[in-house]
K.L.:
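Mind having a look at this structure? Questions to follow.
Everything quoted here is computed from the prediction, not taken from an experiment. Proteins come first, then strands; the chains are lettered A, B, ... in the order of their sequence lines, and each starts at number 1.
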There are 2 protein chains.
Amino acid sequence: MLMNAKSNCSTCVMGQFCLPHALTNEELDRVGELVKNRTKLKKNDRLYQHGEKMSAIYNIRFGSLKSEYSTEDGQRQVVGFHLPGDMVGLDSLDNNIYQTTAIAMEDSEACIIKFDEFESLSHQIPSMAKHLQRNLSREIGKAYHHVLSLGNDKAQEKLAYFILDLSDRKSFRGSNGLEFELKMGRDEIASFLGMEIETVSRTLTKLIKAELIEVSYRHLKIINMSGLRTLSP
Amino acid sequence: MLMNAKSNCSTCVMGQFCLPHALTNEELDRVGELVKNRTKLKKNDRLYQHGEKMSAIYNIRFGSLKSEYSTEDGQRQVVGFHLPGDMVGLDSLDNNIYQTTAIAMEDSEACIIKFDEFESLSHQIPSMAKHLQRNLSREIGKAYHHVLSLGNDKAQEKLAYFILDLSDRKSFRGSNGLEFELKMGRDEIASFLGMEIETVSRTLTKLIKAELIEVSYRHLKIINMSGLRTLSP
DNA sequence: CGAGCGTTTGAAATCGGTCAACAGCAGTGG
DNA sequence: CCACTGCTGTTGACCGATTTCAAACGCTCG
């Protein structure tokens with residue numbers, strides 16, 4: 001985990017997805033002060049680990065990560081996939097211990113937001129505190145939706161939900177939401193959706209035969225978006 | 001939904017579960033100002049509803065509520081059960097719209113925390129903002145755990161998790177965690193755990209035959225706590 | 001005390017899990 | 001550059017847990 005690359009929030013292309021809107025230039029500079037460093041991650045590197053003392057929260061700059069929730073007895077579950085602009089580490093603010101482990105699925109980079117400095121900055125720039133609050137609340141909503149999907153949906157619907165969610169988030173960030181590379185393996189999709197690897201594979205072929213998507217290895221193309229949407233609300 | 005009963009945080013018995021620790025008397029009085037009103041709910045009354053504009057967050061004073069997450073197409077899922085001391089409505093802070101509906105499972109009462117007033121108070125008493133932040137983060141952790149359970153566990157384990165969680169929370173609040181009334185129906189347990197009513201019923205009888213619990217209608221008694229714990233980690 | 005809802009129980013059907021074998025892409029080293 | 005090896009993903013057959021459909025039971029409330 002290398003620290004380097006002085007950050008500069010005011011010129012960062014992720015700014016619009018990462019920072020609260022309508023910061024003054026002066027505020028931007030102060031935020032830039034706060035986010036002094038970034039960290040580069042190679043595939044499979046951990047950004048933080050379950051059980052560790054929290055020191056910072058992070059903003060993904062590029063690449064993609066997964067977060068895994070785990071219990072003492074070794075049960076593990078992928079609870080989220082993260083794309084550039086996503087804020088991660090938010091599950092640690094309750095007791096200052098990370099509840100999940102964040103692992104890079106490809107070479108990635110994240111901005112480090114030292115938390116004690118963040119807190120003091122929040123007092124000066126209230127919109128930063130509000131921004132964090134919003135992210136926390138949004139994460140709750142996402143988790144509820146995940147619970148809904150795991151609790152109600154059949155394999156097909158869960159997979160459709162997964163694909164559409166990914167597609168939406170890619171589009172939102174300005175990349176192609178209709179054709180992209182899956183950075184996660186079938187095992188990680190399976191864990192995320194609460195099913196087995198083989199079921200993921202079989203269900204993908206079902207969706208292919210239904211001419212909703214095309215898949216070759218980890219390359220995915222959406223053929224019939226509305227068809228997919230009728231599967232996952 | 002009746003407004004009445006001037007609140008008084010400084011003498012409220014829920015204080016220890018509800019407010020941040022170590023508030024000065026003067027701060028307590030200011031918080032009391034904020035929480036001017038409570039609302040009484042009869043069974044099945046809604047505290048707030050999915051899609052509504054957020055005006056306040058709430059703290060349960062007595063009784064018990066469930067929150068239901070729902071999608072446009074009518075899928076619904078119970079995402080949480082709430083006991084006295086719990087803060088609810090936290091899923092609304094992202095876009096000021098409630099994402100869930102909170103429904104009383106018995107006659108209940110909640111303190112109303114008008115959100116705009118809360119925000120201005122937060123500036124004066126930073127520990128209040130921090131307290132909210134912690135609650136938000138804890139809710140994320142709880143949701144992740146729920147996802148883990150739905151994704152990995154078989155019916156028995158899910159039910160054990162449900163019972164133990166309820167038991168722990170009752171104990172924490174000083175009531176009897178070994179023998180209590182379930183305020184929710186089998187249908188609500190089923191929704192929460194992502195299974196069917198009949199499976200809940202059958203699985204309960206399994207746990208009874210295994211001499212882990214006794215159940216009669218909605219009265220539940222834990223016979224073998226450690227046995228239950230071996231089922232749910 | 002009776003009506004009605006909530007709960008339990010039974011039997012049959014189904015979806016997904018498990019076990020096992022195979023295919024295919026990728027990265028290594030000759 | 002190609003062959004070998006290993007990891008990742010696919011496919012098939014079988015099995016089991018949960019769902020589904022159906023009916024009976026038993027609280028609880030009016």
Side-chain angles (χ1 to χ4, degrees), chain A residues 42-44 66 75-78 103 105-107 149-163 181-210 213-221 231-232, chain B residues 42-44 64 66 75-78 81 103 105-107 148-163 180-210 213-221 231-232:
Chain A
K42 291 219 282 289
K43 188 171 173 170
N44 294 323
K66 61 175 169 177
Q75 276 192 95
R76 301 194 318 178
Q77 166 88 26
V78 175
I103 302 170
M105 298 191 299
E106 62 181 319
D107 292 1
S149 180
L150 293 188
N152 292 288
D153 294 351
K154 301 246 175 274
Q156 264 199 347
E157 303 164 320
K158 290 200 241 181
L159 207 50
Y161 151 67
F162 163 75
I163 294 171
E181 256 2 87
L182 297 171
K183 300 303 182 182
M184 66 293 286
R186 301 289 191 268
D187 54 344
E188 292 158 332
I189 301 176
S191 170
F192 182 73
L193 297 178
M195 50 205 228
E196 296 304 311
I197 261 182
E198 295 95 327
T199 310
V200 172
S201 186
R202 269 188 260 274
T203 309
L204 276 174
T205 36
K206 257 191 216 170
L207 296 181
I208 295 167
K209 289 197 176 132
I213 55 175
E214 282 172 8
V215 182
S216 121
Y217 194 52
R218 295 196 180 183
H219 187 84
L220 183 126
K221 185 173 177 180
L231 285 182
S232 165
Chain B
K42 290 218 284 287
K43 186 170 174 170
N44 294 323
S64 42
K66 62 175 169 178
Q75 276 192 97
R76 301 193 318 177
Q77 166 89 25
V78 174
F81 297 115
I103 302 170
M105 298 191 298
E106 61 182 318
D107 291 1
L148 174 85
S149 179
L150 293 188
N152 292 287
D153 295 350
K154 300 248 176 275
Q156 265 199 347
E157 303 164 319
K158 289 200 243 180
L159 206 51
Y161 151 66
F162 162 75
I163 294 171
F180 50 87
E181 245 20 74
L182 298 170
K183 301 302 183 184
M184 67 293 286
R186 300 291 189 268
D187 54 345
E188 291 158 331
I189 301 176
S191 170
F192 181 74
L193 297 178
M195 50 206 230
E196 296 304 313
I197 256 183
E198 295 94 328
T199 310
V200 171
S201 185
R202 270 187 258 272
T203 308
L204 276 174
T205 32
K206 259 191 216 168
L207 296 181
I208 294 167
K209 289 194 177 134
I213 56 175
E214 281 172 8
V215 181
S216 119
Y217 195 53
R218 297 197 178 181
H219 187 85
L220 182 123
K221 185 172 177 179
L231 287 182
S232 164

K.L.:
Ignoring the backbone of A:S201, work out which of D:dT20, D:dT11, C:dG17 is nearest its side chain.
P.N.:
D:dT11
K.L.:
Using only heavy-atom distances, decide whether a donor-acceptor pair under 3.5 angstrom links the side-chain of A:E198 to the base of C:dC19.
P.N.:
yes
K.L.:
Over how many whole Å does the gap from A:D153 atom CG to C:dC15 atom P extend?
P.N.:
15 Å
K.L.:
Classify the ring geometry between B:F192 and B:Y161 as parallel (under 30°), tilted (30 to 60°) or perpendicular (over 60°).
P.N.:
parallel
K.L.:
Quick check: on DNA chain D, is the nucleotide nearest B:Y217 upstream (toward 5') of the one nearest B:M195, or the reverse? Name the residue that is more 5'.
P.N.:
B:M195
K.L.:
Is there a side-chain contact between B:T199 and B:L193, using heavy atoms and a 4.5 Å cut-off?
P.N.:
no
K.L.:
Nearest whole Å is fine: how far is C:dG16 P from A:E157 CD?
P.N.:
9 Å
K.L.:
Please tell me if the side chains of B:Q77 and B:L150 come closer than 4.5 Å, counting only heavy atoms from C-beta onward.
P.N.:
yes
K.L.:
Take the protein atom CD1 of B:I208 and the nucleotide atom C1' of C:dT8, then report the distance between them rounded to whole Å.
P.N.:
10 Å
K.L.:
Quick check against the 3.5 Å criterion: does B:D107 have a side-chain atom that pairs as donor or acceptor with the backbone of B:K42?
P.N.:
no
K.L.:
Whole-Å distance between C:dG27 P and A:K43 NZ?
P.N.:
9 Å
K.L.:
Look at the side chain of B:S201 and the backbone N and O of B:I197, then say whether any donor-acceptor pair between them is shorter than 3.5 Å.
P.N.:
no
K.L.:
For a quick test of reading the model: is some side-chain N or O of A:T205 closer than 4.0 Å to OP1 or OP2 of D:dT10?
P.N.:
no
K.L.:
Between C:dC15 atom C1' and A:N152 atom CG, what is the distance in whole Å?
P.N.:
16 Å
K.L.:
Roughly, in whole Å, what's the span from CZ in B:R218 to C1' in C:dT8?
P.N.:
14 Å
K.L.:
Below the 4.0 Å mark, does C:dG16 have OP1 or OP2 next to a side-chain nitrogen or oxygen of A:T199?
P.N.:
no
K.L.:
Can you tell me whether the side chain of A:R202 and the base of D:dG9 have a donor-acceptor pair closer than 3.5 Å?
P.N.:
no
K.L.:
Which nucleotide sits closest to the side chain of B:R186: D:dT18, C:dG6, C:dT8?
P.N.:
C:dT8
K.L.:
Between D:dT10, D:dT20, D:dT18, spot the one nearest the side chain of B:E196, thanks.
P.N.:
D:dT20
